[in-house]
Protein chains: 6
Amino acid sequence: MSDSRPLLFALGPSRTFGERVADGLGISLSEHEERDFEDGEHKSRPLVNVRSRDVFVVQSLYGDPGQSANDKLCRLLFFIGALKDASAARVTAVLPYLCYARKDRKTKPRDPVTTRYLAALLEAVGTDRVLTMDVHNLAAFQNAFRCRTDHLEARKLFVDYFAPLLRDTPATVISPDIGGVKRAEAFRAALSKATGEEVASAFLEKHRSAGVVSGETLVGEVGGKVAVIVDDMISTGTTMLRAAKACRAQGARTVYVAAAHGLFVGQANRVVADDSFERVVVTDSVPPFRLDPGVVRDKLVVLGAAALFAEAIERIHGGGSVVGLLDG
Amino acid sequence: MSDSRPLLFALGPSRTFGERVADGLGISLSEHEERDFEDGEHKSRPLVNVRSRDVFVVQSLYGDPGQSANDKLCRLLFFIGALKDASAARVTAVLPYLCYARKDRKTKPRDPVTTRYLAALLEAVGTDRVLTMDVHNLAAFQNAFRCRTDHLEARKLFVDYFAPLLRDTPATVISPDIGGVKRAEAFRAALSKATGEEVASAFLEKHRSAGVVSGETLVGEVGGKVAVIVDDMISTGTTMLRAAKACRAQGARTVYVAAAHGLFVGQANRVVADDSFERVVVTDSVPPFRLDPGVVRDKLVVLGAAALFAEAIERIHGGGSVVGLLDG
Amino acid sequence: MSDSRPLLFALGPSRTFGERVADGLGISLSEHEERDFEDGEHKSRPLVNVRSRDVFVVQSLYGDPGQSANDKLCRLLFFIGALKDASAARVTAVLPYLCYARKDRKTKPRDPVTTRYLAALLEAVGTDRVLTMDVHNLAAFQNAFRCRTDHLEARKLFVDYFAPLLRDTPATVISPDIGGVKRAEAFRAALSKATGEEVASAFLEKHRSAGVVSGETLVGEVGGKVAVIVDDMISTGTTMLRAAKACRAQGARTVYVAAAHGLFVGQANRVVADDSFERVVVTDSVPPFRLDPGVVRDKLVVLGAAALFAEAIERIHGGGSVVGLLDG
Amino acid sequence: MSDSRPLLFALGPSRTFGERVADGLGISLSEHEERDFEDGEHKSRPLVNVRSRDVFVVQSLYGDPGQSANDKLCRLLFFIGALKDASAARVTAVLPYLCYARKDRKTKPRDPVTTRYLAALLEAVGTDRVLTMDVHNLAAFQNAFRCRTDHLEARKLFVDYFAPLLRDTPATVISPDIGGVKRAEAFRAALSKATGEEVASAFLEKHRSAGVVSGETLVGEVGGKVAVIVDDMISTGTTMLRAAKACRAQGARTVYVAAAHGLFVGQANRVVADDSFERVVVTDSVPPFRLDPGVVRDKLVVLGAAALFAEAIERIHGGGSVVGLLDG
Amino acid sequence: MSDSRPLLFALGPSRTFGERVADGLGISLSEHEERDFEDGEHKSRPLVNVRSRDVFVVQSLYGDPGQSANDKLCRLLFFIGALKDASAARVTAVLPYLCYARKDRKTKPRDPVTTRYLAALLEAVGTDRVLTMDVHNLAAFQNAFRCRTDHLEARKLFVDYFAPLLRDTPATVISPDIGGVKRAEAFRAALSKATGEEVASAFLEKHRSAGVVSGETLVGEVGGKVAVIVDDMISTGTTMLRAAKACRAQGARTVYVAAAHGLFVGQANRVVADDSFERVVVTDSVPPFRLDPGVVRDKLVVLGAAALFAEAIERIHGGGSVVGLLDG
Amino acid sequence: MSDSRPLLFALGPSRTFGERVADGLGISLSEHEERDFEDGEHKSRPLVNVRSRDVFVVQSLYGDPGQSANDKLCRLLFFIGALKDASAARVTAVLPYLCYARKDRKTKPRDPVTTRYLAALLEAVGTDRVLTMDVHNLAAFQNAFRCRTDHLEARKLFVDYFAPLLRDTPATVISPDIGGVKRAEAFRAALSKATGEEVASAFLEKHRSAGVVSGETLVGEVGGKVAVIVDDMISTGTTMLRAAKACRAQGARTVYVAAAHGLFVGQANRVVADDSFERVVVTDSVPPFRLDPGVVRDKLVVLGAAALFAEAIERIHGGGSVVGLLDG
């Protein structure tokens with residue numbers, strides 16, 4: 001945009017992540033005011049001059065006990081409105097976790113197409129760009145937004161984590177369902193390249209009987225291998241757990257799980273603690289606030305994604321290509 | 001719009017109010033699905049065919065323990081998006097209480113102009129009209145929205161309530177601050193007309209010393225009269241309480257308080273129970289969920305606004321004029 | 001929309017399909033002029049008054065020797081512009097085959113998101129609605145369009161065709177790749193319901209060696225059964241042929257192929273004629289102009305989709321629900 | 001915007017004001033052609049290259065005998081259209097006086113919300129920003145415009161003028177009606193700060209009898225003090241005169257009047273000349289063309305606002321904050 | 001639009017024309033308030049309920065001593081804004097004379113393209129349709145507007161007037177310049193058809209010497225014939241006068257002049273009175289207020305266009321075709 | 001836009017022209033991928049990083065045997081969409097030949113206004129500017145586009161070519177019809193200035209008998225002179241041939257023909273070869289692919305327009321004025 005450095009704001013609970021991104025950029029988070037009123041409304045505004053500046057706002061759109069996902073979304077929308085009113089040259093919404101990405105199509109009559117409404121809302125307050133990571137359905141996301149978008153993938157972080165672990169170890173990348181086979185294949189290819197070994201692939205397929213899911217089959221070989229199950233997110237974790245058990249049943253030596261976003265709702269504490277897994281690896285796009293640290297201590301690995309976002313912001317600001325970031 | 005009847009939906013906690021509006025229209029609320037997921041996202045959709053229909057959606061945008069105002073706003077936005085996608089001919093957002101109506105201007109540098117963003121968001125999902133009641137700043141509201149709007153006033157409800165009480169009783173309408181003098185005057189005029197007696201008016205004015213508010217003066221006569229303090233909303237109620245005490249100090253016989261929207265945050269239980277008041281009169285645009293029924297039983301009067309909304313919807317649907325509704 | 005009947009136009013080579021739709025509606029195609037000039041430009045205009053009418057325009061967006069897909073798209077866009085200028089109340093683009101539906105995401109840097117551009121172009125000339133059938137990626141389609149859309153599926157036509165053939169015969173529905181498993185499952189369920197027998201399911205999965213596809217495995221049982229391979233479209237047909245050969249190799253008694261759109265490019269004549277297939281079943285969304293009738297006479301079945309479109313148009317025009325059309 | 005200086009144009013009668021602004025910026029007004037035709041139409045165009053430049057256009061939107069306010073508005077709109085067509089990078093409308101700012105809400109059925117239409121019209125020709133001063137209703141103004149706005153206040157000019165006059169003199173700032181109390185309070189605070197003395201405040205309040213205004217009361221103390229009555233504009237001046245007489249009746253030593261915009265319509269000559277006032281102080285946002293210089297010579301003080309606008313333009317051009325300008 | 005009758009408003013000096021249109025429609029003009037304030041601003045609003053109605057507003061956009069063309073344009077824009085805010089279903093601007101129609105292109109660097117700005121302004125306040133007559137450049141007009149337009153031509157009125165006069169008389173239609181040859185030819189053809197005689201055509205062509213116009217030649221035969229010079233408008237009339245003199249010099253028996261719009265600026269009184277003309281025929285799209293009735297009494301013929309507009313409005317309202325109106 | 005150089009792309013058959021423009025700018029064409037699929041769809045994308053760059057795309061929109069004009073238009077639209085998605089700062093469509101420029105108005109009921117749709121389509125994919133040359137109707141073009149436009153004229157190229165030929169030779173510039181008289185006059189004036197001799201002018205006028213064109217007259221003197229017939233384009237060339245024959249019949253010594261765009265459809269080979277002409281001069285906006293080089297070798301002169309476009313792009317990029325380019 002210009003010679004000056006970008007400005008970075010981070011809202012509410014995303015302040016921690018935002019500070020890490022700011023560190024990566026060698027700047028400080030810009031200050032803003034964020035007040036909650038007793039009647040449930042709030043007000044926020046930048047405390048520094050943003051005229052003609054290239055502004056980035058971090059808000060990870062997961063719900064937590066303090067603020068629902070909807071609440072965070074509104075706060076983001078109103079804050080972006082205030083930035084544009086205050087004459088920011090360009091505002092990029094930085095969304096480590098993008099909510100409603102699974103509400104991407106009508107599956108029943110009159111279903112909402114929530115991703116599209118999300119796009120319309122962000123555009124309505126003047127958002128110029130959206131930067132996010134590992135959305136559930138990339139095609140839906142890219143079609144929904146008419147403002148510019150950049151899409152990061154945690155794959156590179158997982159490769160950096162797993163490649164040393166898997167050197168000289170036969171491994172298989174597993175998709176826990178058919179919808180994730182493409183993601184798993186991209187990860188498998190990157191991992192093969194990084195380790196110099198040919199990593200295998202497999203996936204789980206549901207059985208149906210009279211139209212009802214009655215079981216799953218693991219398609220592919222995992223016997224005697226290290227299994228790395230990969231998905232975009234972990235919600236309750238039961239999908240992952242079923243996949244892990246299937247791998248163990250087929251003779252996998254060790255089972256790892258990797259997902260960009262760890263929501264860990266419901267019985268996730270119990271799931272993460274299950275013996276089927278060696279490790280559950282996620283990024284810090286969503287902090288594991290629902291998990292009991294005592295329970296998951298030795299099982300959960302949280303990889304930092306802030307440096308990846310910082311590098312993407314640096315390139316967006318400077319007109320560089322974000323492409324190279326995807327596989328390092 | 002057409003020969004057919006309007007369709008009316010009501011979201012979440014506004015269902016009760018919506019049912020009263022439906023009764024007024026002689027129809028049933030249309031069914032919709034509204035599901036909450038463990039990860040904090042939700043999904044809602046109409047369960048009936050809305051193609052080519054004139055649709056009204058009730059959502060009162062106050063925050064309550066179950067859903068914040070932001071949360072309700074998002075739910076409304078996504079539901080309207082779904083209605084438009086499902087080919088509703090026209091969608092009117094029916095908002096008994098409109099949130100953020102006091103965030104209507106920049107008072108500090110880079111303040112948000114939240115009412116304008118609210119308008120942009122409602123328009124972005126395809127809202128055709130907005131119907132609301134007693135917004136804080138009517139000019140700000142009417143300028144913010146580029147879609148059609150209709151604005152109701154609770155004044156008529158208050159006149160119907162107070163006129164019988166005040167017959168043959170000298171009364172004064174009081175504005176608790178200078179900003180509300182116009183509203184109080186309109187109420188005074190309507191009350192005079194209804195009672196056939198000339199009702200007086202008064203207001204409170206703040207003293208300042210070195211720029212700080214140091215006290216208030218009651219401008220106008222209340223001695224020996226029934227005082228009716230009127231405002232658009234009661235938040236903590238302290239403004240009302242100060243006004244009531246001033247009226248009593250000046251010799252008012254009895255003090256009533258009337259406000260369209262009763263939010264009753266903070267110490268409002270104590271305020272409502274205070275001896276200074278005879279009655280605190282509000283509408284059901286916001287249910288008094290924060291008050292302890294035991295404490296406020298004999299003090300709080302909640303007037304139903306649903307019939308007023310039903311009549312407005314009937315006229316909007318039929319192409320009639322909403323104007324006549326304002327003073328009966 | 002109104003008491004009057006809808007108006008239906010059909011452009012260029014879609015005239016035949018349009019006439020069938022008109023028959024289904026009990027109306028005649030409305031006349032239009034469509035002239036080509038020597039310099040490669042054209043001009044078209046409606047020849048009847050369209051003021052305040054509910055207008056539908058049929059243009060199936062496949063390329064043929066006379067007009068490329070781009071050519072047909074431009075003709076559609078300019079004709080819709082003319083209809084709106086001529087004061088049509090509503091214009092619905094009826095697209096039995098929607099081009100560029102597979103260009104739905106960026107797979108390489110700076111890839112176009114062509115489905116989104118298509119949506120923006122249709123909206124730019126004033127298209128009010130889009131009605132199409134079996135798009136490649138439903139989520140991408142629904143997110144790309146901000147005007148209203150309706151999406152039909154050929155599944156019902158296939159069920160009507162296959163159900164009598166499969167009565168008392170064990171059958172399996174096969175998806176030729178992982179991406180089509182959901183479509184195959186919906187077909188399997190509908191077929192089971194129609195035949196009263198439990199139809200099985202299977203799919204093909206690619207093997208990779210060093211990241212390269214080296215073969216395919218058929219996951220599921222087809223031995224001794226009738227295999228019905230189902231997909232959204234047949235392009236060269238090689239995917240279908242590989243699937244059919246795999247089914248035969250696994251002991252399938254007979255192999256049928258069903259796809260909504262038969263493009264039949266490249267070596268498709270040879271493919272269709274291959275002994276592996278009993279029948280290749282498509283709809284008339286794309287006429288089989290690239291096939292040699294002599295060669296494919298006994299193999300190709302073209303089901304008429306016009307009645308389905310006529311029924312959808314009737315419901316859109318009358319405000320009825322299109323949902324019921326999907327499975328009959 | 002860039003390294004180059006801003007370009008400044010001034011239309012018709014605003015040329016004088018524009019030249020003062022240009023002086024403040026150390027530049028010359030850019031030349032333009034502005035021709036009137038016998039049939040009442042006109043044509044204007046910039047005479048210098050504006051490609052990629054940051055352009056400001058001065059047009060104060062008061063009506064004068066040569067051009068009505070509507071006429072000036074149209075000329076501004078068409079000239080901005082021409083600037084955008086000529087590839088100006090950014091066009092800011094500089095409006096010392098903004099017309100129709102009092103038409104900010106519906107007070108009767110079907111009233112226009114003219115400020116909002118004004119905003120829509122300025123945006124329709126491509127206006128990027130609006131810079132104005134002391135609009136009647138700030139909230140209405142900020143909600144009406146969706147393009148960027150900056151709002152100046154003449155308060156600082158008044159403080160600079162009055163502070164030396166009032167040193168060691170007890171003074172009161174008076175609002176002539178209840179609607180202006182906030183403006184008066186801001187002025188009072190700034191004046192107190194500038195003089196180092198606590199300035200008092202007061203305001204006038206209308207009496208009503210049977211709903212009709214029957215008189216006014218001065219609320220606050222002015223006895224023995226210098227009274228400075230402050231408002232956003234002087235139209236006929238009768239409001240100001242009534243306020244001045246009330247102050248004199250209450251024993252004010254001297255009465256000053258200050259208003260950003262002096263329209264002076266109707267009997268204003270007589271009003272300004274009235275003995276009740278010591279001085280009438282306005283800015284040059286509207287030249288006092290309706291006043292007779294002979295009559296008002298010793299009473300009227302016109303403060304130059306051009307330097308304030310020049311400084312605001314400098315900051316807008318350079319990305320600086322305009323906030324600091326408000327109170328110096 | 002609906003079963004109900006259209007509503008028709010007419011602003012300011014267009015009230016007379018509007019009443020004639022209302023007569024043609026068998027309705028009364030709807031009432032509105034139109035107030036002018038001393039400061040040069042105005043306010044107007046409909047006085048009847050316009051919800052869901054099909055509304056037409058007559059405003060002929062010529063400048064007159066009371067209101068400039070710009071003034072009338074603003075009044076139209078603000079009134080249309082008020083109609084849309086008041087929930088009119090559709091608003092059609094009825095503009096017997098459209099101002100700025102000759103400002104249709106850049107002829108010098110940075111010229112405005114005023115017709116396009118006019119279109120953008122009308123659309124910005126929500127105008128749904130524009131109905132006008134004989135614009136200067138039809139292609140420019142049709143390209144400028146993105147809302148719907150209908151274009152009437154006074155040709156039919158002229159044919160009705162001249163056909164009886166010219167029966168059995170050899171006549172020639174003359175265009176006063178090359179730009180009007182198409183218009184003249186259409187008139188000639190219609191006149192031939194109406195009289196049953198072959199009417200001839202001619203036009204004037206400018207001579208240039210060293211790039212400067214030095215004279216004109218009449219191309220075509222007028223000797224011994226009745227000459228009817230036709231143009232879209234008469235401004236000063238000098239073009240018409242030159243053409244008439246040329247016709248007389250070439251032996252024309254009688255010279256008539258016909259133009260849709262008679263602006264008659266400058267020396268037009270003298271021009272109209274000139275002996276060269278038998279009659280000057282215009283419509284009442286612009287009343288001949290600049291002419292001295294005493295001087296032009298026997299020369300000026302003003303044809304009523306209101307019935308033509310009434311018929312067009314009837315057809316627009318009813319969904320009929322406006323085409324047939326052009327030549328009867 | 002910035003310090004960096006512009007990026008230039010050229011699509012399909014416009015690559016040759018694009019390379020010449022690139023040469024003029026001292027840069028290389030930027031690489032892009034452009035693939036055609038068997039089913040008639042295509043995909044194209046830039047192969048270089050375009051973030052924050054000032055991008056120009058050359059696509060001359062004439063139809064040729066490989067791609068129809070519609071096809072080229074779609075390819076341009078989709079490629080511009082991809083450039084904007086890839087974060088180009090500004091995209092200018094460079095269209096040496098603009099298709100559909102003659103479809104600029106309704107001449108029959110319900111005719112399309114194709115130039116306007118073209119504008120809407122280009123804007124819908126995010127085109128920021130359009131640069132073209134010698135459009136058929138400049139007013140229609142300038143009104144149709146709401147994005148910025150620049151319009152070049154080949155006149156300067158023709159002057160450079162003809163001035164040396166005509167030195168000391170009496171010459172006349174002829175318009176082949178009345179619509180082109182303005183263009184011819186501009187050329188005549190420029191030619192006079194360049195040669196220092198007064199060039200004459202003439203034009204052809206159609207005779208009509210019973211409304212049918214029955215012949216043409218040459219208005220003006222060509223006897224003994226060199227005649228240069230000028231038009232915006234040559235389609236079949238018959239208009240030009242008729243004009244040339246008329247010139248010869250009137251005694252013209254030599255006849256040249258000049259037109260910006262040479263489409264040469266139909267019998268153009270025969271026309272160009274006709275003895276009536278000395279030379280047919282066009283630019284390379286459309287390559288003469290329909291002509292037989294053997295036949296036209298000595299008659300056809302193709303002037304390069306690329307340098308003119310390069311200079312215009314340089315100025316647009318640098319914020320310079322394009323005006324000076326028109327007459328050198």
Side-chain angles (χ1 to χ4, degrees), chain A residues 32-33 37-50 61-64 67-75 77-83 85-87 99-100 102-103 106 108-114 116-126 233 235-236 263-266 286, chain B residues 32-33 37-50 61-64 67-75 77-83 85-87 99-100 102-103 106 108-114 116-126 233 235-236 263-266 286:
Chain A
H32 73 285
E33 178 191 2
F37 298 101
E38 277 181 301
D39 60 5
E41 299 185 1
H42 79 285
K43 175 186 140 179
S44 57
R45 63 179 183 118
L47 291 174
V48 298
N49 181 14
V50 300
L61 293 170
Y62 56 88
D64 64 33
Q67 294 181 349
S68 68
N70 288 344
D71 202 352
K72 288 182 180 175
L73 174 59
C74 277
R75 287 164 190 266
L77 293 169
F78 293 164
F79 191 68
I80 290 174
L83 287 168
D85 270 0
S87 302
C99 58
Y100 291 107
R102 285 176 293 183
K103 309 293 176 298
K106 298 192 189 193
K108 296 183 193 162
R110 294 175 292 279
D111 260 358
V113 186
T114 311
R116 177 153 47 78
Y117 310 154
L118 205 62
L121 295 176
L122 280 159
E123 290 166 24
V125 290
M233 69 170 68
S235 184
T236 59
L263 292 171
F264 299 119
V265 301
V286 182
Chain B
H32 73 284
E33 178 191 2
F37 299 100
E38 278 181 301
D39 61 4
E41 299 185 0
H42 78 284
K43 175 186 142 178
S44 57
R45 63 179 183 119
L47 291 174
V48 298
N49 180 14
V50 300
L61 293 171
Y62 56 87
D64 65 32
Q67 292 181 349
S68 68
N70 289 343
D71 201 354
K72 288 183 179 174
L73 174 58
C74 278
R75 287 164 189 266
L77 293 169
F78 293 163
F79 191 68
I80 289 174
L83 286 168
D85 270 359
S87 302
C99 58
Y100 291 106
R102 284 177 293 184
K103 309 293 175 297
K106 297 191 188 192
K108 296 184 194 162
R110 293 175 293 278
D111 259 358
V113 186
T114 311
R116 177 154 46 77
Y117 310 154
L118 204 62
L121 296 176
L122 280 159
E123 290 166 24
V125 291
M233 69 170 67
S235 183
T236 60
L263 293 171
F264 299 118
V265 300
V286 182

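Since we're looking at a predicted model, the values are computed, not measured. Naming convention: chains lettered A, B, ... in sequence-line order (proteins, then strands); numbering from 1 in each chain.
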Looking only at B:G126, B:C99, B:A69, the option with the highest number of non-hydrogen pairs under 4.5 Å against chain A is B:C99
Decide yes or no for B:S44 and A:P112: does some side-chain heavy atom of the first lie under 4.5 Å from some side-chain heavy atom of the second? no
Between B:P46, B:P109, B:A124, the one whose heavy-atom pairs under 4.5 Å with chain A are most numerous: B:P46
Just say parallel, tilted or perpendicular for the rings of A:F78 and A:H42, cut-offs at 30° and 60°. parallel
Please determine, among B:G81, B:S235, B:A86, B:S87, the option with the most heavy-atom pairs under 4.5 Å with chain A. B:G81
Salt bridge check: are A:K72 and B:D71 linked by an N-O gap of less than 4.0 Å? no
So, the part of B:Y100 with a heavy atom under 4.5 Å from chain A: the answer is both
With only heavy atoms counted, which part of B:V48 is less than 4.5 Å from chain A, the side chain, the backbone, both or neither? backbone
Selection from A:R102, A:R116, A:R75 maximising heavy-atom pairs under 4.5 Å formed with chain B: A:R116
Select one option (side chain, backbone, both, neither) describing which atoms of B:F79 are under 4.5 Å from chain A's heavy atoms. neither
Whatever's closer than 4.5 Å to a heavy atom in chain A on B:L73 counts as side chain
Is it the side chain or the backbone of A:F264 that comes within 4.5 Å of chain B heavy atoms, both, or neither? neither
Candidate pair B:Y62 and A:E41, rule side-chain contact (heavy atoms from CB on, under 4.5 Å), full reasoning: CA-CA 8 Å; B:Y62 56 87; A:E41 299 185 1; over 6 Å; no
With chain B, the option among A:R45, A:E38, A:R110 that has the most non-hydrogen atom pairs under 4.5 Å is A:R110
When heavy-atom pairs shorter than 4.5 Å are enumerated against chain B, which of A:D111, A:V125, A:L83 gives the highest number? A:D111
Out of A:G40, A:A82, A:G63, which one racks up the most heavy-atom pairs below 4.5 Å with chain B? A:A82
Contacting region of A:L263 [heavy-atom separation from chain B under 4.5 Å]: side chain
Chain B heavy atoms under 4.5 Å from A:E33: which part of the residue, side chain, backbone, both or neither? side chain
I want to check something: taking the side chain as every heavy atom from C-beta on, are A:L118 and A:T114 in contact at a cut-off of under 4.5 Å? no
Chain A interface, residue from B:K108, B:Q67, B:E123, B:K106 that has the most non-hydrogen pairs under 4.5 Å: B:K108
Region of A:I80 that comes under 4.5 Å of a non-hydrogen atom in chain B: neither
Does the side chain of A:D85 reach to within under 4.5 Å of the side chain of B:Y117, using non-hydrogen atoms? yes
